[in-house]
Amino acid sequence: MKHRRGFNPLGMMSAHRKAVHRNMVTSLFRQERIRTTKAKALEIRRTAEKMITRAKSDTVHNRRIVSSRLFDEAVVAKLFTDIAPRMKDRNGGYTRIIKLGERQGDAAEIVILELVDYKLDTDDGKKKSKKDDAQSKEKPGKSKGK
């Protein structure tokens with residue numbers, strides 16, 4: 001049981017754990033999707049959800065608290081102007097964990113941690129050839145022979 005255990009130390013010294021934690025939360029907000037181990041994802045998720053909840057009310061105090069825990073000011077701005085307004089209607093559960101399987105070397109469980117409203121950029125399976133690109137760049141209605 002997990003009673004009275006505040007966090008998972010992840011087998012690291014405290015300074016290293018805090019640095020890894022800050023890096024991963026910053027990467028999650030920058031890219032909106034990261035691939036990591038299950039143990040790290042569960043710890044990162046707690047912090048990320050608390051930051052999104054803070055960012056929903058855009059005040060100077062909340063910006064200072066969040067920026068003290070993230071490395072990049074551009075990511076702080078993205079959190080307050082882009083991510084938090086998208087989550088305005090949600091009361092929690094801003095992230096999702098998708099299991100991928102086990103890592104080959106040490107059999108650690110690998111997962112994807114992403115924001116709930118993350119949209120995967122996909123092409124519709126249609127790849128343009130160089131010939132199609134050249135034809136689309138030509139202006140319609142003009143012919144070369146006249």
Side-chain angles (χ1 to χ4, degrees), residues 1-140:
M1 280 187 246
K2 191 180 171 282
H3 298 306
R4 297 185 57 84
R5 294 179 191 245
F7 62 93
N8 184 352
L10 300 171
M12 300 179 196
M13 301 296 284
S14 62
H16 183 214
R17 182 178 58 249
K18 289 174 188 174
V20 167
H21 201 86
R22 288 177 68 186
N23 276 324
M24 292 186 78
V25 172
T26 303
S27 295
L28 175 64
F29 290 141
R30 182 181 294 127
Q31 299 162 2
E32 299 186 12
R33 179 180 184 150
I34 58 174
R35 184 173 173 244
T36 184
T37 62
K38 183 179 177 185
K40 287 179 189 171
L42 292 173
E43 288 299 310
I44 300 309
R45 168 190 241 178
R46 292 174 65 191
T47 305
E49 297 214 359
K50 289 177 185 178
M51 286 186 187
I52 293 172
T53 301
R54 273 213 184 265
K56 286 167 81 172
S57 62
D58 190 0
T59 63
V60 174
H61 180 65
N62 285 342
R63 277 185 181 263
R64 285 181 178 165
I65 289 174
V66 169
S67 67
S68 72
R69 295 184 174 103
L70 294 177
F71 279 129
D72 193 1
E73 289 299 318
V75 174
V76 174
K78 179 180 179 181
L79 176 62
F80 277 87
T81 59
D82 182 35
I83 296 172
R86 292 187 318 208
M87 306 288 184
K88 215 49 159 174
D89 297 333
R90 297 185 72 89
N91 291 327
Y94 309 116
T95 58
R96 98 171 37 106
I97 293 178
I98 302 168
K99 295 180 181 179
L100 293 179
E102 292 181 346
R103 188 162 52 198
Q104 181 118 24
D106 60 355
E109 192 169 359
I110 299 297
V111 298
I112 290 177
L113 176 65
E114 67 182 9
L115 298 178
V116 171
D117 61 347
Y118 178 78
K119 300 263 190 295
L120 184 63
D121 294 333
T122 58
D123 296 338
D124 294 333
K126 299 176 184 176
K127 290 189 175 183
K128 287 187 171 181
S129 66
K130 291 180 182 177
K131 186 176 181 181
D132 292 337
D133 287 338
Q135 289 175 353
S136 65
K137 289 181 183 178
E138 289 181 12
K139 294 182 181 177

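The figures here come from the full heavy-atom set of this structure, side chains too, leaving out hydrogens, waters and symmetry mates.
Going from atom CD1 of Ile44 over to atom CD1 of Ile97 covers 10.0 Å, rounded to the nearest 0.5 Å. The structure places CZ of Phe71 at 14.0 Å from CZ of Phe29, a figure rounded to the nearest 0.5 Å. Here the CD1-CG distance, from Ile98 to Leu113, works out to 9.5 Å after rounding to the nearest 0.5 Å. A distance of 9.0 Å separates CZ in Arg63 from CD in Glu73, rounded to the nearest 0.5 Å. Taken to the nearest 0.5 Å, the NZ atom of Lys56 stands 9.0 Å off from the CE atom of Met87. To the nearest 0.5 Å, the span separating NZ on Lys38 from CZ on Arg45 amounts to 10.5 Å.
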Take Leu79 and Arg54 through the test side chain to side chain contact (heavy atoms under 4.5 Å, CB included) and record every step on the way to the result.
CA-CA 10 Å; Leu79 176 62; Arg54 273 213 184 265; over 6 Å; no

Report the C-alpha separation of Leu10 and Val20 in whole Å, then their side-chain angles, then the decisive distance to 0.1 Å, and conclude whether the side chain to side chain contact (heavy atoms under 4.5 Å, CB included) test is met.
CA-CA 10 Å; Leu10 300 171; Val20 167; 5.8 Å; no

Quick one, Leu42 with Asn8, criterion side chain to side chain contact (heavy atoms under 4.5 Å, CB included). Give me CA distance, side-chain angles, the key distance, then yes/no.
CA-CA 9 Å; Leu42 292 173; Asn8 184 352; over 6 Å; no

Let me see the working for Thr36 and Met24 under side chain to side chain contact (heavy atoms under 4.5 Å, CB included), right down to the final yes or no.
CA-CA 9 Å; Thr36 184; Met24 292 186 78; 3.0 Å; yes

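Partners of Ser57 by side chain to side chain donor-acceptor pair (under 3.5 Å), not counting sequence neighbours, listed by chain and number: Asn62. Partners of Arg103 under the side-chain contact (heavy atoms from CB on, under 4.5 Å) rule, at least two apart in sequence or in another chain, are Thr37, Asp106, Ala108, Ile110. In this structure, the salt bridge (charged side-chain N to carboxylate O under 4.0 Å, His left out) partners of Glu43, at least two apart in sequence or on a different chain, are Arg46. With sequence neighbours excluded, the residues that form a salt bridge (charged side-chain N to carboxylate O under 4.0 Å, His left out) with Arg96 are Glu114.
Considering every non-hydrogen atom in both Gly93 and Val116, the closest pair reads O-CG2, 3.1 Å. The two residues Ala84 and Ala55 have their closest heavy-atom pair at CB-O, 3.4 Å.
Evaluation of the side-chain hydrogen bond (donor to acceptor under 3.5 Å, both in side chains) test over residues 11-20, restricted to residues two or more places apart or in two chains, returns none. Judged as a side-chain hydrogen bond (donor to acceptor under 3.5 Å, both in side chains), the pairs with a partner in residues 19-31 (not counting sequence neighbours) are, in order, His21-Thr47, Arg30-Asp72.
Annotation: Lys50, atom NZ; neighbour count of heavy atoms from other residues, nucleotides and ligands within 6.0 Å does not exceed 12. By the neighbour-count criterion of 12 heavy atoms within 6.0 Å, atom CZ of Arg35 is sparsely surrounded, having that number or fewer from other residues, nucleotides or ligands.
Leu28 has its side chain out of reach of Met51: every pair of non-hydrogen atoms, C-beta onward, lies at least 4.5 Å apart. Within the 4.5 Å cutoff, side-chain heavy atoms of Phe80 are placed close to those of Val66.
Between Arg90 and Glu49 no salt bridge is recorded (no basic side-chain N to carboxylate O distance below 4.0 Å).
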